[in-house]
Novice: 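Next up is a structure, given as structure tokens.
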Amino acid sequence: MDANFEAKLARNENIEPKDWMPDIYRKHLIRQVSQHAHSEIIGMLPEGNWITRAPSLRAKMVLIAKVQDEGGHGLYLYTAAESLNISREELLEQLHTGKAKYSSIFNYPTLTWADIGAIGWLVDGAAIMNQVMLQRTSYGPYARAMVRICKEESFHQRQGYEITCKLAAGTKEQKEMAQDALNRFWWPTLMMFGPPDAASSNSENAIKWKIKRESNDQLRQRFVNQTVPQAELIGLTIPDKNLEWNEAKKGYDFSDPDWKEFNNVIHGNGPCNRERLGARVKAHENGRWVREAAIAYAEKRKQKAAAYQ
Amino acid sequence: MNKDSQGALWEVFVQKKPGQPYVHCGNLHAFDAEMALQNARDVYTRRNEGTALWVVPSASIVASSPEDIGPFFEPANDKVFRHPTFYKLPKEIKHM
Ligand SMILES: [Fe+2]
Ligand SMILES: [Fe+2]
């Protein structure tokens, strides 16, 4: 059986839910896919914070559509995780009790409208880089969810960059606001790709099983290479004194993010960890009566239908 | 059903345009057929991905199992005469 699994991976064929797979592969995927799902729905909170205060009707419609997409992404990923034999209820329980993690980026506050621009441009940009790679991940349901997600993501980054462009071309205060958002989101965005390869405990297996096709550092480098010219074009400055083009590697040299801060945020001590989890648990509790009513209604209709037969 | 259930799992199939086959696009949770259909519309057709939907309780799907890929599909392997390229035609006949 093991040979079969290895052979499939070697042929670049997807592993499907009914296929035999090593327990440790299943566990790795449950952790990664559920963490990804949790990130999608927790990610709705910092942006949701600005829906009521969006500066125009157009901006508001766009933001609602984006946040709605993220909810859908959460759903695709939860069902992909469920195909690995874990229930939706269990997955949510893990999130609500803090047993499961979500992306550390969503534990930072959204202080100004420019932050909504920075999130779309940088955070969605970084997420897309990771998700494009994951379209070729070895687990079938995860790969298929990624294909749909990537299609939907393409507007997310553009709308964020558009907001940032507008502010950068605006008044002095608006431009400062855009720069300030870039300053605050730059480092947490670089952290999204995970710890450096040398220090990443999960990386090796993920590459071996073709769950990931590229390493954290490779993706981070690609993101920096892609983003620097976009910032320069609109007159914003990447907040890194060591940032410099390296002709030999055809890429930028850049500073390491503060990994101590990263670990701190991951372990629950970021600026908004408590607020985010609190909001999620409250939403779940407030929705309880809806789920109960839906069950009762479905039961009643089933009984009625049976009575007519 | 558990009191805090998210509903049963349903599979969703979308028809892109009238006349085309229904293609599986994903799944979702719902408490009944009507809710499954509405959720499917909201989740899977927000960008004109289709003009018709099927939703099917996942538990109702009967699937072949991956272990018997070989024996199950093998009977088709040695029957090349089921394909048009197996037959020789006079070379004067260009299309058939
Ligand atoms: Fe997303
Ligand atoms: Fe997104």
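Sequence lines set the chain letters: A, B, ... in the order given, protein chains first and strands last, and positions in each chain run from 1.
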Novice: Can you see which heavy atom on A:A294 is nearest to which on B:M35, and at what distance?
Specialist: CB-CE, 3.9 Å

Novice: Using a 4.5 Å cut-off on heavy atoms from C-beta on, say whether the side chain of A:E299 contacts that of B:F31.
Specialist: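 A side-chain contact is absent here, since even the closest heavy-atom pair is not under 4.5 Å.
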
Novice: Without swapping roles, check the side chain of A:E89 against the backbone of B:Q6 for a donor-acceptor pair under 3.5 Å.
Specialist: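 It does hold such a pair.
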
Novice: Taking side chain as everything from C-beta outward and backbone as N, CA, C, O, which of these in A:E16 sits under 4.5 Å from a heavy atom of chain B? Side chain, backbone, both or neither.
Specialist: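 It is neither, since no heavy atom gets under 4.5 Å.
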
Novice: Does CZ belonging to A:R58 count more than 12 external heavy atoms closer than 6.0 Å?
Specialist: no

Novice: Are there over 12 heavy-atom neighbours, none belonging to B:Y22, within less than 6.0 Å of that residue's OH?
Specialist: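 Yes, the 6.0 Å shell around OH holds more than 12 heavy atoms from other groups.
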
Novice: Quick check for you: among A:R144, A:Q68, A:R301, which has the greatest number of heavy-atom pairs under 4.5 Å with chain B?
Specialist: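 Sorted descending by pairs with chain B, the first entry is A:Q68.
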
Novice: So for atom CD1, which belongs to A:I24, do other residues, nucleotides or ligands contribute more than 12 heavy atoms lying within a distance under 6.0 Å?
Specialist: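 It does not: A:I24 CD1 has 12 such atoms or fewer within range.
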
Novice: Which bit of B:A33 comes within less than 4.5 Å of chain A, counting heavy atoms only: side chain, backbone, both or neither?
Specialist: neither

Novice: Which bit of A:Y78 comes within less than 4.5 Å of chain B, counting heavy atoms only: side chain, backbone, both or neither?
Specialist: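 Neither the backbone nor the side chain of A:Y78 comes within 4.5 Å of chain B.
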
Novice: Measuring only between side-chain heavy atoms, which start at C-beta, is B:H29 closer than 4.5 Å to A:T79?
Specialist: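 Yes; the side chains approach each other to less than 4.5 Å.
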
Novice: Heavy atoms only: give me the nearest A:R291-B:S5 pair and the separation to one decimal.
Specialist: CD-O, 3.4 Å

Novice: Does any non-hydrogen side-chain atom of A:R88 lie less than 4.5 Å from one of B:L9?
Specialist: no

Novice: Give a yes or no on whether A:R158 atom CZ has more than 12 heavy-atom contacts from other residues, nucleotides or ligands under 6.0 Å away.
Specialist: no

Novice: Do you know which two heavy atoms are closest between B:Y44 and A:L75, and how far apart they sit?
Specialist: OH-CD2, 4.0 Å

Novice: Is B:R47 close to A:D69 at the side-chain level, that is, under 4.5 Å between some pair of heavy atoms?
Specialist: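 When only atoms from C-beta onward are counted, B:R47 and A:D69 do touch, with a gap below 4.5 Å.
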
Novice: Tell me if the CG atom of A:N286 is crowded by more than 12 foreign heavy atoms within 6.0 Å.
Specialist: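 Counting neighbours around CG of A:N286, more than 12 heavy atoms of other residues, nucleotides or ligands fall under 6.0 Å, so yes.
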
Novice: Give a yes or no on this: more than 12 heavy atoms of other residues, nucleotides or ligands lie within 6.0 Å of atom NZ of B:K79.
Specialist: yes

